[in-house]
Amino acid sequence: MLPRKQQLFRRGLSVHCSLSLTPSPPPPKPPSLSILADRCKSMDQLKQIHAQMIVSSRIQDNFAASRLLSFCALTESGDLNYASKLFNCIEEPNSFMWNTMIRAYASGSQPSEALFLYIKMRFFEVVPGKHTYPFLLKACSNLGSILSSKQVHTHVLKSGLDLDLHVVNGLVRAYSVSKKIDYARRVFDEALERNLSIWTTMICGYAQNCCPDDALELFDEMIVQGFEPNGVTLASVLSACAQSGCLELGDQIRLFIKRKGMEVGVILGTALVHMYAKNGAISMAKELFDNLLVKNVVTWNAMICGLAAYGHVDEALTLFRGLEREQIEPNDRTFVGVLSACCHAGYLDVGRKIFDSMKSMYGIDPKIEHYGCMVDMLGRSGRVVEAEELMKSMTWKADVVILGALLAACKNHGNIEVAERVVEQILELEPHNHGVFVVLSNMYAEAGRWEEVSKLRKLMKKGNLKKIPGWSHVDDDN
DNA sequence: CTAGGGTTAG
């Protein structure tokens, strides 16, 4: 408040001024900041509007602040860090603003920040609404954290928002990606109402959790209940068809898509290609692949891996070269396909070159699967020692897949020395793996080393598999 | 005052 005298003075002044001026049109109103903020297209513009707000003391104009926040938190050309600073300047953010920030963090690189914001929101006694939980559950999904999913679930139940379809969908999704598919199913079953998205989420959950038969069963039920699937649903169903070998249903889905004139975008198209390729209908897969207008690296990988798996090695390699022409960046999975193709055909030199190019040309660090292909490839061509060397050079501990490939190579090329070490390592990982005994025992027999065969037989009889590591030093009496 | 979901490779 101004002192009394000044107030009177000002009032007098304004009366004086208004009396002394001749009538004139009212000055143009300053454009509303909300409208400006709505039209905001870039961070530069946003910063100008933000500056306007600061100098005109309208920073607490929640209308405009909401718009600015939405722009820089959610849009492609925004800036989440700036949004966070802006948010922190707002004295009493309303629930829309909290939800906006939670939403932005949920799908970013720090989903845990969304959970943290939610806790802060509750601390400030802002009531979460039906727009809060779906975003929060998105954060749980992206975190893959079952603990936070459960905690958010209890908050949902307390809030009474468990009937909201977006919330149900978020819960089903969060439990699915946390690999708790039975929890997801329970939420699904207990929902009073379901829409196509929720059915799709549940079907997709099964497909992504290696339960393709459950996915297909649920799809049947969905149809019985009168829901018509869309492209999103069908992409998941096709994935289930690929996994469980349902070529027929997959083919029916293709016809359905055609009859309905549904748009086949990159995801649905890839799902179709993969379904046919996985089921060995390579020519059909290739035809679809060639006719797809939009492809991405996933599409290419599906086709390359399909070709490789069914022995069309040269076509797989040709496709790999074609990928470079299309300027699509291959990724680690592309190389699993290409290297397994080389392995299949025994193209050792080609395989080696590609393996080396992964890091040098594409900047992709080989993973254990890639080493697995190389070990297998070297082993098959009889270079057992080299294969063992490569395996030892890995930064990871060898797994049973890679050890199994090496053991097979030992067997096929009669390298008992390496086989003994490999068997030892396999038994460390799987102490009850009788199969490797049989392999080793057969190898000794083949070499005429009957003493070792006998020792092994006695150990096996005693069921004393744990003694096997270093077993050859064990006396007969033990 | 405002907003939101589910999809493809191994």
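Just so we're on the same page: letters track the sequence lines, and every chain starts at 1. Because the structure is predicted, anything quoted here is derived from the model rather than measured.
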Tell me whether the centres of the aromatic rings in F355(A) and Y371(A) are closer together than 6.0 Å.
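Yes.
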Run the ring-centre check on Y175(A) versus H153(A) and record whether the distance is less than 6.0 Å.
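Under 6.0 Å, so yes.
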Between E389(A) and S393(A), does a side-chain hydrogen bond (donor to acceptor under 3.5 Å, both in side chains) hold up when you go through it step by step?
CA-CA 6 Å; E389(A) 288 298 312; S393(A) 75; over 6 Å; no
For the side chain of [X], counting heavy atoms from C-beta on, which of [options] is nearest?
X	options	value
N99(A)	dC1(B), dG4(B), dA3(B)	dA3(B)
F96(A)	dT2(B), dT8(B), dG10(B)	dT2(B)
R67(A)	dC1(B), dA9(B), dG6(B)	dC1(B)
L196(A)	dG6(B), dA3(B), dG10(B)	dG6(B)
N94(A)	dT8(B), dG6(B), dT2(B)	dT2(B)
A302(A)	dG4(B), dT8(B), dA9(B)	dA9(B)
S239(A)	dC1(B), dT8(B), dG5(B)	dT8(B)
E369(A)	dG6(B), dG4(B), dG10(B)	dG10(B)
V298(A)	dC1(B), dT8(B), dT7(B)	dT8(B)
I267(A)	dG4(B), dT8(B), dT2(B)	dT8(B)

May I ask you to verify if any side-chain N or O of [X] is less than 4.0 angstrom from the OP1 or OP2 atom of [N]?
X	N	value
K138(A)	dG6(B)	yes
R103(A)	dG4(B)	yes
H274(A)	dT8(B)	no

Can you name the nearest heavy-atom pair linking A114(A) to I102(A), along with the distance?
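In terms of heavy atoms, the two residues are closest at CB-O, 3.6 Å.
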Within this structure, what is the [atom1]-to-[atom2] distance between [X] and [N], rounded to whole angstrom?
X	N	atom1	atom2	answer
E263(A)	dT8(B)	CD	P	17 Å
L137(A)	dA3(B)	CG	C1'	16 Å
L292(A)	dA9(B)	CG	C1'	14 Å
K278(A)	dG10(B)	NZ	C1'	8 Å
I203(A)	dG6(B)	CD1	P	15 Å
R173(A)	dG5(B)	CZ	P	13 Å
I257(A)	dT8(B)	CD1	C1'	12 Å
R333(A)	dT8(B)	CZ	C1'	10 Å

Reckon [X] touches a base, only the sugar-phosphate, or nothing at all at heavy-atom distances under 4.0 Å?
X	value
L74(A)	nothing
K130(A)	base
D332(A)	nothing
L165(A)	base
Q243(A)	nothing
G170(A)	nothing

Which side-chain N or O atoms in residues 303-322 of chain A pair as donor and acceptor under 3.5 Å with protein atoms at least two apart or in another chain?
{"from": "Y310(A)", "atom 1": "OH", "to": "K278(A)", "atom 2": "O", "distance (Å)": "2.9"}
{"from": "Y310(A)", "atom 1": "OH", "to": "G280(A)", "atom 2": "N", "distance (Å)": "3.4"}
{"from": "D314(A)", "atom 1": "OD1", "to": "Y347(A)", "atom 2": "OH", "distance (Å)": "2.9"}
{"from": "T318(A)", "atom 1": "OG1", "to": "D314(A)", "atom 2": "O", "distance (Å)": "2.7"}

Heavy-atom side-chain contact between D214(A) and R185(A) under 4.5 Å:
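Answer no - side chains too far apart.
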Does a side-chain heavy-atom distance below 4.5 Å link S176(A) with I181(A)?
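Answer yes - side chains close enough.
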